[in-house]
Structure formats: C-alpha cells, structure tokens
*Asks:* 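For reference, the structure I am asking about is given below.
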Protein chains: 2
Amino acid sequence: MTKEEAMRLLEDAGYRHSRRRERMVQILADEDRYLTARELWEKMQAAYPELSADTIYRNLGLLHDMGIVTMTEFQGERRYRFHCGIRDHHHHFICLGCGASEEVLDCPLDHLQHRFKDAAIVGHRFEIFGYCPACQQKARDGEGYGTALV
Amino acid sequence: MTKEEAMRLLEDAGYRHSRRRERMVQILADEDRYLTARELWEKMQAAYPELSADTIYRNLGLLHDMGIVTMTEFQGERRYRFHCGIRDHHHHFICLGCGASEEVLDCPLDHLQHRFKDAAIVGHRFEIFGYCPACQQKARDGEGYGTALV
DNA sequence: CTCCTAATCGGAATCGTTCCGGTTTTATTC
DNA sequence: GAATAAAACCGGAACGATTCCGATTAGGAG
C-alpha cells in the first residue's frame with residue numbers, strides 16, 4: 001500500500017480529501033511502524049498545532065475500517081501501522097521500544113482450522129514481542145528496558 | 001493449578017492469607033475462563049458488597065506476577081483467567097461472547113526462533129477469537145453478535 | 001491480647017477514548 | 001468566483017478502565 005493508493009481508496013469510498021487526513025496517512029506511511037494515537041498526534045503538531053484528539057481517533061478508526069492500517073493493542077493502548085506492502089496475510093514481530101515490526105509470513109492458523117469445526121472463528125492474532133537491535137543498544141546506553149508486559 | 005496450589009504459592013512468597021484474595025482465586029478457578037476486572041468485581045459483590053476496585057486490580061496484578069493467572073487484552077480491556085491445568089506452554093481459542101477458552105497446544109514460535117537471532121524476544125501471543133457453540137446459539141436466539149473487533 | 005504491617009477502603013486522579021454542539025473546510029452547482 | 005450542503009474538525013466535557021493515596025482494618029507473630 002502506498003499513500004496514493006490509500007487516498008484513492010478513501011476517495012472511491014466517497015470520503016472527502018481532507019488535508020489533515022492526508023497528512024496522517026503520510027506520517028503513517030513514512031514511519032512504517034506501530035504508532036499510538038498520542039505519537040501520531042505529536043507528529044501532527046508540527047503541521048497542525050491545534051489538532052483535536054477527536055480527529056486522530058476518528059480518522060484512525062476510519063483508516064482501520066478501510067483496511068488502510070492494521071491495529072493491535074498491548075500495554076493498555078491501541079497501536080496502528082500502515083498496512084504492509086505485502087499483500088498476503090501475515091503476522092509481526094513487534095519491538096516494544098519503538099514499534100518497529102518485522103513480517104512473519106507463516107500463519108499458525110493454517111494448520112489449525114480443522115480443530116475448530118464447531119466454533120465460529122472471527123479473527124486471530126499472532127505477535128512476537130521483543131526489542132530490535134537499535135532499542136537493545138539504546139537500553140545498554142541508557143537506563144534499561146521498562147517492565148515487559150507480555 | 002488448583003486454588004490450593006495458588007494459595008500455597010502466595011503463602012510461600014510471604015503474602016498474607018486474605019479472605020478476599022482467597023475468594024478471588026476461588027472464583028477465577030471455578031469460572032475457568034477469561035474475566036474482566038469488572039466481571040470479577042461483580043461476582044465478588046455477593047460476599048463483599050463493599051469491595052474496593054483497588055483490591056480487584058491490586059490482586060489481579062499480584063496473581064499475574066505470581067503466574068497464577070494469565071492475562072490478555074482485547075476490546076480495550078484486560079482479561080484474566082486462572083492458569084490452565086496444563087503445565088506446558090500453550091495458547092488459546094477465546095470466545096468473544098463469554099471468555100471461554102480452549103487450549104491450543106502448538107506454539108507457532110517453536111518453528112520461528114531461528115528467524116530472530118538479533119532481536120531480544122521477551123514474549124509472544126497467539127490467540128484465536130470466535131464464538132463457542134453456546135454463544136452462537138445465544139446469538140441466534142437474541143439480537144446477534146456485537147461487532148467483532150479482531 | 002498487643003503490636004506491626006500487609007491488605008483494604010473510598011474517593012480522587014490519570015489516561016486512553018468517545019461524544020457533542022458549534023465552526024470550518026471541502027466539493028458541487030451556479 | 002459566490003452560494004450551498006455536508007463532511008470534517010474543534011474544544012471541551014464525558015466516559016470507562018486503571019492507578020494512586022491517605023486513612024482504616026485485619027492477619028498473624030510474639
């Protein structure tokens with residue numbers, strides 16, 4: 001997915017082309033990692049110092065509904081990242097320090113579908129949490145990791 | 001894990017034997033499914049109508065730290081369940097309707113450790129979400145599922 | 001029973017998120 | 001380009017989960 005494709009999806013669905021929304025998509029595309037609403041809001045400050053939190057949440061919800069971003073939640077917060085370039089279904093290693101992620105193409109559910117004949121499966125998640133090399137280095141230099149919640 | 005084993009773990013670690021805590025463990029053991037803090041609090045009302053929310057959260061945190069309960073979070077809330085009888089590491093199918101869960105013994109991380117030589121892995125989660133037969137029936141009888149968030 | 005302190009209470013504070021009435025921006029039509 | 005309708009946004013209040021804190025209660029050692 002590119003920013004242009006994302007904006008196109010929104011336009012085709014009848015949503016207006018708003019500058020704030022475009023900037024949000026731009027940031028999400030550039031950062032290419034999981035961001036909290038707050039992080040995104042802070043990055044928007046430069047261009048829109050008056051930006052309302054409502055705008056962030058409303059648009060993140062929309063982008064999620066449109067399949068432009070993927071969402072996960074841990075450590076009490078929801079986190080969003082621009083949908084990876086990879087078209088196929090996949091999972092992630094996620095750095096708890098910076099939100100960077102690495103794709104894991106295997107989907108464990110593939111081997112397990114047969115186990116749940118009577119249950120109605122509506123979703124699943126498989127995530128590996130840890131610290132990327134850069135954040136490990138940062139921890140060695142500084143005061144160490146925070147408490148791992150997972 | 002049984003309630004007795006759990007209380008023993010707490011005692012051995014130097015924690016006092018409090019009646020509220022014991023009742024919490026009892027409920028978690030009996031329910032044998034994922035509960036939110038609120039659900040647990042409601043179930044405690046019968047015995048302790050004056051119970052403070054702080055007591056629920058403080059003890060859930062303690063039980064989690066002691067490995068007596070496992071925690072996951074989805075739909076904006078943390079959910080806790082008594083640690084399954086199975087000793088070995090495993091994962092869950094979780095019913096979004098009632099929190100019931102079914103064990104999945106395969107761990108997808110087993111086949112993937114070699115992929116993350118430079119990352120420091122501190123945890124992972126693999127969960128399958130859906131509706132158990134009983135909740136599917138309830139949905140057919142009633143007003144249907146809520147929106148699935150996963 | 002007495003004493004010490006862990007455990008609890010209750011009520012305020014915090015934090016992420018949502019809601020709402022009023023205002024601004026975008027797209028359309030003239 | 002002006003007029004118009006609706007989407008998008010703002011600011012601030014509201015909400016729900018969770019945490020914090022000073023005062024009180026209760027477990028258990030002596």
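Just so we're on the same page: letters track the sequence lines, and every chain starts at 1.
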*Asks:* What's the CG-C1' distance between Leu35(B) and dA17(D), to the nearest Å?
*Replies:*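 Those two atoms, CG and C1', are 16 Å apart.
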*Asks:* Decide, yes or no, whether a salt bridge links Glu31(B) with Arg81(B) under the criterion of side-chain N to carboxylate O below 4.0 Å.
*Replies:*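 Salt bridge between Glu31(B) and Arg81(B), a charged N being under 4.0 Å from a carboxylate O: no.
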*Asks:* Could you please name the option among dA7(C), dT17(C), dC20(C) that lies closest to any side-chain atom of Arg21(B)?
*Replies:*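 Side chain of Arg21(B) sits closest to dA7(C).
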*Asks:* Can you find an N or O donor on one side and an acceptor on the other, under 3.5 Å apart, linking the side chain of Arg16(B) with the base of dT5(C)?
*Replies:*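 Side chain to base: pair found, below 3.5 Å.
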*Asks:* May I have the distance from Trp41(B) (atom CH2) to dG16(D) (atom C1'), rounded to whole angstrom?
*Replies:*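 About 13 Å, once rounded to whole Å.
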*Asks:* Tell me the interatomic distance from His64(A), atom NE2, to dT17(C), atom P, rounded to whole angstroms.
*Replies:*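 Atom-to-atom, His64(A) to dT17(C), this comes out as 13 Å.
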*Asks:* Of Leu62(A) and Glu50(A), whose nearest nucleotide on DNA chain D comes first from the 5' end?
*Replies:*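 Upstream on the strand: Leu62(A).
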*Asks:* Select one nucleotide: of dT19(D), dT18(C), dC20(D), the one nearest the side-chain heavy atoms of Arg78(B).
*Replies:*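 Of dT19(D), dT18(C), dC20(D), dT19(D) is nearest to the side chain of Arg78(B).
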*Asks:* Strictly below 4.0 Å, N to O, side chains only: are Glu77(A) and Arg38(A) in salt-bridge contact?
*Replies:*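 Arg38(A) and Glu77(A): not salt-bridged.
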*Asks:* Using OP1 and OP2 only, check whether a side-chain N or O of Ser18(A) sits under 4.0 Å from dC9(D).
*Replies:*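 For dC9(D), OP1 or OP2 has a side-chain N or O of Ser18(A) closer than 4.0 Å.
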*Asks:* Look at the side chain of Thr55(A) and decide which nucleotide, out of dC10(D), dG16(C), dG10(C), has an atom nearest to it.
*Replies:*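 Ranking dC10(D), dG16(C), dG10(C) by closest atom to the Thr55(A) side chain puts dC10(D) first.
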*Asks:* Can you figure out which of dC19(C), dA8(D), dT8(C) approaches the side chain of Tyr15(A) most closely?
*Replies:*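 Per side-chain heavy atoms of Tyr15(A), the pick is dA8(D).
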*Asks:* Just verifying a value: how many Å separate Arg20(A) CZ and Leu51(A) CG, rounded to the nearest 0.5 Å?
*Replies:*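 If we round to the nearest 0.5 Å, Arg20(A):CZ and Leu51(A):CG are 7.0 Å apart.
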*Asks:* With hydrogens left out and only the distance checked, is there a donor-acceptor pair under 3.5 Å joining Arg58(B)'s side chain and the base of dA7(C)?
*Replies:*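 For Arg58(B), whose side chain was compared with the base of dA7(C), there is no donor-acceptor pair (under 3.5 Å).
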*Asks:* Glu22(A) has an atom CD; how far is it from atom P of dT26(C), in whole Å?
*Replies:*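 Answer to the nearest Å: 11 Å.
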*Asks:* For dA7(C), does either OP1 or OP2 sit under 4.0 Å from a side-chain N or O belonging to Arg20(B)?
*Replies:*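 Arg20(B) to dA7(C) OP1/OP2: no side-chain N or O under 4.0 Å.
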*Asks:* Whole angstroms only, please: what is the CE-C1' distance between Met66(A) and dA7(D)?
*Replies:*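 It is 15 Å, rounded to the nearest whole Å.
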*Asks:* Distance check: side-chain N/O of Arg19(A) vs OP1/OP2 of dC9(D), anything under 4.0 Å?
*Replies:*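 For dC9(D), OP1/OP2 do not have a side-chain N/O of Arg19(A) under 4.0 Å.
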*Asks:* Considering only dC9(D), dG16(C), dC9(C), which nucleotide approaches the side chain of Glu77(A) most closely?
*Replies:*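 When the side chain of Glu77(A) is considered, dG16(C) is the closest of dC9(D), dG16(C), dC9(C).
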*Asks:* Closest-nucleotide mapping onto DNA chain D: is His17(B) or Arg38(B) further toward the 5' terminus? I mean the 5' end.
*Replies:*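 Looking at DNA chain D, the more 5' nearest nucleotide goes with Arg38(B).
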*Asks:* Quiz question: by atom type and distance under 3.5 Å, do the side chains of His17(A) and Glu11(A) form a donor-acceptor pair?
*Replies:*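 Distance-only check fails for His17(A) and Glu11(A).
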*Asks:* With heavy atoms under 4.0 Å as the rule, sort Ala37(A) into base, sugar-phosphate or nothing.
*Replies:*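 The answer is sugar-phosphate, as Ala37(A) gets under 4.0 Å only of primed atoms, P, OP1 or OP2.
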*Asks:* Report the C-alpha distance between Arg140(A) and Gln137(A) in whole Å, list the side-chain angles of each, state the deciding distance to 0.1 Å, and finish with yes or no for side chain to side chain donor-acceptor pair (under 3.5 Å).
*Replies:* CA-CA 5 Å; Arg140(A) 276 190 291 270; Gln137(A) 187 57 50; 3.0 Å; yes
*Asks:* Would you please say whether a donor-acceptor pair under 3.5 Å links the side chains of Thr72(A) and Arg125(B)?
*Replies:*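 Per modelled atom types, Thr72(A) and Arg125(B) side chains form a pair under 3.5 Å.
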*Asks:* dC15(C) P sits how many Å from Ile56(A) CD1, rounded?
*Replies:*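 These atoms are roughly 18 Å apart.
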*Asks:* Tell me the interatomic distance from Leu51(A), atom CG, to dG12(D), atom P, rounded to whole angstroms.
*Replies:*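 Whole-Å distance recorded here is 14 Å.
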*Asks:* Round to a whole Å and report the spacing from OH of Tyr57(A) to C1' of dC15(C).
*Replies:*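 Atom OH in Tyr57(A) sits about 9 Å away from atom C1' in dC15(C).
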